[in-house]
Number of protein chains: 2
Amino acid sequence: MADNLAENGRKSARTPKHWALKDRLLAMVAAAGPGGPLPGERALAEGFGVSRTTVRKALTELMAEGRLTRVHGSGTYVGSGKVTQRLQLSSYTEDMRSHGLNPTSSLLEAAIEAAEPELAALLAVPAGADVLRLRRLRSADGEPMAIETSRLPLTRFPGLEARVGDTSLYRVLWEHYGVELGHAEETIETTLATPADAALLGNEVGAVMLRLSRHSFDTDNRPVEWVRSVYRGDRYKFVATLVSPREVE
Amino acid sequence: MADNLAENGRKSARTPKHWALKDRLLAMVAAAGPGGPLPGERALAEGFGVSRTTVRKALTELMAEGRLTRVHGSGTYVGSGKVTQRLQLSSYTEDMRSHGLNPTSSLLEAAIEAAEPELAALLAVPAGADVLRLRRLRSADGEPMAIETSRLPLTRFPGLEARVGDTSLYRVLWEHYGVELGHAEETIETTLATPADAALLGNEVGAVMLRLSRHSFDTDNRPVEWVRSVYRGDRYKFVATLVSPREVE
DNA sequence: GGGCTTGAGTGGTTTAGACCATTGCGATTA
DNA sequence: TAATCGCAATGGTCTAAACCACTCAAGCCC
């Protein structure tokens with residue numbers, strides 16, 4: 001009872017049908033060129049002799065990899081690759097311009113809240129102290145890029161809520177409070193798009209996202225802000241420069 | 001024809017059923033406690049009055065978020081949260097130990113290949129030059145953590161292929177070639193698990209992964225290695241420390 | 001012409017069900 | 001006793017089909 005079935009067993013990498021489909025779809029992607037259209041899902045299913053469900057699974061994966069864009073009601077198109085975003089303390093606006101992109105930022109929400117214990121610890125204020133919460137939608141060349149929620153201690157920056165306008169937040173901190181950023185701890189992980197994320201970023205619910213959390217300190221090592229942002233995982237990647245600690249172990 | 005339907009329209013965030021299900025499942029997760037079992041998918045479907053497909057979609061999302069673990073043939077269990085990994089130039093082994101984890105590393109492959117033009121440029125060698133390719137499976141406390149593929153120019157490190165053993169690669173570079181790492185450019189993005197990834201990391205094909213690409217340079221700014229690693233997105237997150245450039249714009 | 005309606009076509013969500021692959025335990029057997 | 005077998009339960013993959021939500025252009029009406 002073990003004569004044929006040569007390629008079986010061995011705990012080797014089984015390849016589901018939807019994964020194999022991706023190779024064939026990538027050929028169509030290459031043929032269509034950037035921005036080009038792909039056939040409809042029903043046509044693909046029939047053409048490849050699989051169910052539409054399987055086609056959709058393959059398309060969803062290619063989308064998560066940034067190779068495709070799906071537009072509800074319209075069609076599926078070849079994606080435009082990922083944009084590299086540098087992890088640094090400099091201003092968002094400056095950074096984008098250096099990539100030749102036109103950055104915009106719209107303030108979705110500005111509210112004062114009482115600090116939860118955890119947040120209070122991060123900002124070095126007593127629990128329940130006033131904290132300014134800012135929620136922004138950042139875009140590049142008109143396309144939504146990230147949702148950013150920052151929180152700053154109002155006890156340290158009294159009146160800041162009235163000064164949040166078009167100018168850079170960091171500029172305001174420097175000019176009105178004499179605060180300059182020294183360093184930050186930035187955490188990166190994956191998440192999935194919530195319905196709110198999806199609505200703002202033109203995404204699908206459950207799409208793969210990159211979540212960045214930044215804890216910024218001034219030059220005196222006092223916490224300045226706590227920021228959490230979500231970026232579309234299919235459109236952005238991040239690069240950081242690491243420097244050697246003087247000791248080599 | 002517009003009298004009721006109060007909450008409709010407005011392009012607001014529609015919430016699919018599978019997303020709403022997650023909240024109810026999270027309650028069960030909290031009740032079960034870390035490592036605790038959840039009911040089977042068929043039981044969940046019947047209990048919540050939805051199809052098994054919808055249950056699976058919700059479970060898959062919770063899994064991508066690191067809140068659940070599914071074991072084929074056995075059941076679904078509460079996950080154990082994400083481990084933080086620091087982005088730095090120091091040795092992998094050292095870094096893991098500082099987290100109280102017991103790191104191991106198994107060499108999957110060591111081969112000499114001719115550099116593709118792109119790789120040759122990254123390593124500053126002529127196209128077609130000999131390059132050492134090392135593929136390792138890194139684990140922490142016995143659990144597979146990442147697959148790491150590094151490439152080093154053999155023209156600069158002649159005989160390196162014979163010295164790849166149990167000792168740290170960086171130690172070999174220092175002791176035999178006098179090379180010390182100065183800085184690196186590290187890129188982070190999302191990917192999906194290939195069948196090969198899934199087999200090695202005990203994952204599912206198509207699971208969300210974090211891909212890191214590291215381009216390391218020595219203290220003379222000459223390229224030393226090009227590394228690409230994939231980590232399970234449901235189990236790891238990364239943290240980097242950013243320092244201020246002296247100029248504030 | 002300018003605005004509106006309508007409908008065909010597209011992707012998005014959900015269902016019910018079949019079958020496969022793996023696990024793990026209980027019963028059987030040597 | 002110890003190993004093996006068999007089977008039931010679990011998660012994994014795939015199908016077929018229905019219906020919803022959105023887009024866009026053709027056609028209609030004013």
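Numbers restart at 1 for each chain; the letters A, B, ... are given by sequence-line order, proteins then strands.
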Residue pair B/R67, B/E61: steps toward the salt bridge (Lys or Arg N to Asp or Glu O under 4.0 Å) verdict: CA-CA 9 Å; B/R67 297 170 165 286; B/E61 288 169 358; over 6 Å; no
Less than 3.5 Å apart, which donor and acceptor atoms pair up between the side chains of residues 21-39 of chain B and the rest of the protein, not counting sequence neighbours?
| from | atom 1 | to | atom 2 | distance (Å) |
| --- | --- | --- | --- | --- |
| B/K22 | NZ | B/E65 | OE2 | 2.8 |

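DNA chain C lies under 4.0 Å from no heavy atom of any residue of residues 23-35 of chain B.
Between the side chains of A/S229 and A/R136, no donor-acceptor pair is found at a separation under 3.5 Å.
Rounded to an integer number of Å, the gap from OH of B/Y77 to C1' of C/dT22 is 12 Å.
For the pair B/N102 (side chain) and B/D141 (backbone), a donor-acceptor distance under 3.5 Å is absent. Within the 3.5 Å criterion, the main-chain N or O of B/G142 finds no donor-acceptor partner in the side chain of B/S139.
B/K237 NZ to A/I188 CD1: the interatomic distance, rounded to the nearest 0.5 Å, is 12.0 Å.
The closest side-chain heavy-atom distance from A/V239 to B/H215 is not below 4.5 Å.
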Summarise protein proximity over nucleotides 8-14 of chain D in one line of letters, 5' to 3': B for base, S for sugar-phosphate only, - for none, counting protein heavy atoms closer than 4.0 Å. -BBBBBS
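Of the residues A/E113, A/E118, A/E225, A/E109, the one that meets the salt bridge (charged side-chain N to carboxylate O under 4.0 Å, His left out) test with A/R151 is A/E113.
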